[in-house]
Amino acid sequence: RGVVACGMGRPAVGLEYFFQALQRERSAVNLANAMVALIRLGDVDGARELLEDVRASFPAPIREGVDWAVAHDGDLTALRA
């Protein structure tokens with residue numbers, strides 16, 4: 001639902017869905033989608049903070065998945081250093 005909402009130009013609604021999904025399952029995909037929604041809302045700093053939190057405290061497989069998304073997903077270019 002979050003991806004659909006973002007695709008329809010409703011990133012705030014998408015972000016809500018992504019945060020709900022994260023409560024159920026902490027996954028790299030859900031985290032990357034939340035960062036995309038934050039960027040689309042103009043909150044690049046919030047997306048960077050989330051990325052820093054992931055890198056500081058999440059298990060390696062999730063960190064690696066998020067880092068892969070940042071490196072390859074065109075919607076996350078704002079987070080590339």
**OP:** Enter the distance from R80:CZ to L51:CG here, rounded to the nearest 0.5 Å.
**Re:** 12.0 Å
Subject >> Nearest atoms (heavy-atom pairs only) where A34 meets L22 >> reply: CB-CD1, 4.4 Å
Subject >> With sequence neighbours excluded, residues passing salt bridge (Lys or Arg N to Asp or Glu O under 4.0 Å) with D75 >> reply: R40
Please list every donor-acceptor pair under 3.5 Å in which a side-chain atom of residues 53-66 meets a protein atom from a residue at least two apart or in another chain.
| from | atom 1 | to | atom 2 | distance (Å) |
| --- | --- | --- | --- | --- |
| R55 | NE | D67 | OD1 | 2.8 |
| R55 | NH2 | D67 | OD1 | 2.9 |
| S57 | OG | D53 | O | 2.8 |
| R63 | NH1 | F58 | O | 2.5 |

**OP:** Among residues two or more places apart or on two chains, list those pairs meeting salt bridge (Lys or Arg N to Asp or Glu O under 4.0 Å) that have a residue in residues 4-30.
**Re:** none
Subject >> side chain to side chain contact (heavy atoms under 4.5 Å, CB included) partners of A47, counting only residues at least two apart >> reply: M35, L38, I39, L79
Original post:
Do L76 and L41 share a hydrophobic cluster (ILVMFWY, side-chain heavy atoms under 4.5 Å, transitive)?
Top reply: yes
Original post:
Do any pairs count as a ring-ring contact (aromatic ring centres under 6.0 Å, His included) and have a residue in residues 12-53, sequence neighbours left out, and if so which ones?
Top reply: none
Subject >> Pairs involving residues 61-81, ordered by first then second residue, that meet ring-ring contact (aromatic ring centres under 6.0 Å, His included) (sequence neighbours left out) >> reply: W68-H72
